[in-house]
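By convention in this document, chain letters (A, B, ...) are assigned in the order of the sequence lines, proteins followed by strands, and residues within each chain are numbered from 1. Small disclaimer: the values here were computed from a predicted structure and weren't measured.
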Amino acid sequence: MANKIRIATTSLGGCFGCHMSFLDIDEHILELAEVVEFDRSPFTDIEHCSNSDIGLIEGGVCNSENVHVLREFRKNCKILVAVGACAINGGLPAMRNHIPLEECLNESYRDGIGVENAQIPNDPELPLLLDKVYPIHELVKVDYYLPGCPPSADVFWKFLTDLIAGQEPSLPYDLVHYD
Amino acid sequence: MSKTINIDGKDIPFTEGQTIIEAATDAGVYVPHLCHNPDYTPHGSCKLCTVKVNGRNCSACTFPAMEGQEIMNNTQELNNDRQKITQMLFVEGNHFCPSCEKTGNCELQAVAYSLNMLDNHFPHFFSNRELDASHPDILIDHNRCIFCNLCVRASQETDGKNVFALSGRGINKKLIINSASGQLKDSNISVQDKAAHICPTGAILIKRTGYFVPIGERIYDKQRIDQVSLNKEKKQLGK
Ligand code: SF4
Ligand code: SF4
Ligand code: FES
């Protein structure tokens, strides 16, 4: 096929569980490979996003690097999709949101039980943590949402086959789960 | 001849003194709701049961059925409003379903599923709410309280106690516990009380029971809340 649909994927503050679940489409991946190709993604190791049709974002926005990556995806992807609980509401990482950042860092790196060589990491290479973990729709416009922790392989398959067929994607009741 | 109201084009009989939601439930018509439970005095706070009665928005759980009412219930417009209300409930508290014992059995979540709510739309409050794990058998997670008042009513009306109350307004609203310390362990609640079991969300949980039924095998994993609710509440109304 001449013009394949280009998909970019990334994990921000996520656990890659959504990516693993995507791969659970198993042999459907061969059908998918007929019509799509991957841009920036852990599947390809391409470092930066170029013009793509669909961007799948796993994870919430925890640090400065996540902000840059998310903006790069929004700029380059025609359709941006929040994939999984963390992209949609911050998820587990956002459970730190009511604790001041300084307290979180002190607990993890200075005062916590069993901490040796106590010091807060400050290498300039490290992205700075944000005050809170943000759901991605609080930073950029999001076109579609796939809930679930993770969304099942069937969710990915239903959503992508709808889009590829040129129809408005929809999830029936039995594919909507938040857990 | 019995009196009737009309919901979405269907004539529905009612008896004097019934609310719209009671007449609807009797007739097998589901009106989405969270703070309503047929066993208790209506509270009318969640507004999920909003229907259009002769063109005006009313809460079906508090509004009396009256001859000749033309009621809209299951319309796109009302369901859109209900979805927005549900999204507000989600962003006001802290609802991390994957780490909640109630997931799959939660009425808030089930209503969201049935409205095909895929995101929370609004900015999240990430409010700082507390956990009261003081009681040996019952856990309170204020992060998940939607102020439906059902535990308050159950404690007063069924248990003959007065363990809970809602205090404050707006963003400062809070479920409070009637004990000198404010902690659940110092109240007179017991694990057999109705109030300990009535919470529609994961705000009041019975300890050490959360995973008896595995995730994926729970009530709303298999069935929609409209069916579950009608089956249950018709029995409560004695039908
Ligand atoms: S109470 Fe319900 S909606 Fe809230 S986190 Fe628990 S399962 Fe999710
Ligand atoms: S604890 Fe549960 S039953 Fe009580 S008001 Fe909150 S949500 Fe309602
Ligand atoms: S069910 Fe009527 S207002 Fe809550």
So for [X], is it side chain, backbone, both, or neither that comes closer than 4.5 Å to the heavy atoms of chain B?
X	value
A/Ala94	both
A/Val142	neither
A/Leu171	both

Find the N and O donor-acceptor pairs between chain B and chain A that sit under 3.5 Å apart.
unit_1	atom_1	unit_2	atom_2	d
B/His95	O	A/Asn89	ND2	3.3
B/Thr103	OG1	A/Asp179	OD2	2.6
B/Tyr113	OH	A/Tyr178	N	2.8
B/Asn116	ND2	A/Leu171	O	3.0
B/Met117	O	A/Tyr178	OH	2.6
B/His121	O	A/His137	NE2	3.3
B/Phe122	O	A/His137	NE2	3.1
B/His124	N	A/Glu138	OE2	2.8
B/His124	ND1	A/Glu138	OE2	2.9
B/Tyr220	O	A/Tyr173	OH	3.1
B/Gln223	O	A/Tyr173	OH	3.2

* Would you find more than 12 non-hydrogen atoms of other residues, nucleotides or ligands less than 6.0 Å from B/Arg208 atom CZ? -> yes
* Check whether more than 12 heavy atoms from other residues, nucleotides or ligands sit under 6.0 Å from atom CE of B/Met72, and answer yes or no. => no
* Taking all non-hydrogen atoms of both residues, which atom of B/Phe96 and which atom of A/Gly91 are closest, and how far apart? -> CE2-O, 3.3 Å
